[in-house]
Amino acid sequence: MADSPSLNPFELRKENIDKFIEASTNHIIRREEDMIGFFKEAADTGKLIYDVYEIEGPHSTDMGLTIMKPGKVGREYHMTKGHFHESGSADEYYFCLSGKGLILLQSAEGELRHMPLDEGGGVYVPPGWAHRTVNVGNDDFILLAIFPKDAGHDYGTIKEKGFGAMVVEVDGKYAIVDNPN
Ligand code: S6P
Ligand code: ZN
């Protein structure tokens, strides 16, 4: 264990995510301009869409805490880029600490699923399924993800082909509609 990062026990709940942030070793910031090619109408506005704080675990898994702002870009609710894992055997566990959203899952063959993800809920993402989380609520959507260190992220396939569905506002509510592209 000589090379392991020194981690202290911490409790993880929405009231004390600062403990996770303090222990994190990597911080990814995605603003609207980083999402050009993902949202149909993304522009260079500087608007923050989400932060990801990552903790490198000492053994075989890493953890990521995603904090997504509420809002929309055009008609689309705030969402992550979404990715396939590069490793064909890498699965992932998601737990929602706060907020209200969805996860979209898509297999390499194009099969699409969606599931609600809200406080106290979790989702298992099996190997080979691309995943994107979407904030359809009015507050921050906060998610913990646990994934293998060697998972890797393939964003290119999603940027090129997109997901088969989009989450948009229709009459003041969210709707999951076919992606015309
Ligand atoms: C990593 C895991 C999450 C995402 C995060 C941001 O495998 O799925 O930590 O990285 O939710 O999403 P994205 O698609 O921009 O990496
Ligand atoms: Zn992932």
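Just so you know, ligand 1 is whichever comes first in the structure, and atom 1 is the first atom listed for that ligand.
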Tell me if the NZ atom of K19 is crowded by more than 12 foreign heavy atoms within 6.0 Å. no
For residues P70 and D140, determine if any side-chain heavy atom of one lies less than 4.5 Å from a side-chain heavy atom of the other. yes
Expected contact list for ligand 1 at under 4.0 angstrom, heavy-atom basis, is R30, Y50, V52, T66, T80, K81, G82, H83, H85, E92, Y94, H131, A145, F147, H153, Y155
NZ/K149: more than 12 non-hydrogen atoms of other groups inside 6.0 Å: yes
Taking 2.8 Å as the upper limit, name the protein N, O or S atoms near the Zn ion (ligand 2). H83 NE2, H85 NE2, E92 OE1, H131 NE2
Using a distance-only test with no angle check, is there a side-chain donor-acceptor pair under 3.5 angstrom linking D154 and H85? no
Ring center gap for Y93 and Y124 short of 6.0 angstrom: yes
Nearest 0.5 Å, what's the CD1-CD distance between I36 and E41? 12.5 Å
More than 12 heavy atoms from other groups under 6.0 Å of NZ on K40: yes
With heavy-atom distances below 4.5 Å as the criterion, would you say the side chains of E76 and E169 are in contact? no
Out of curiosity, M63 CE to T25 OG1, how far, rounded to the nearest 0.5 Å? 9.0 Å
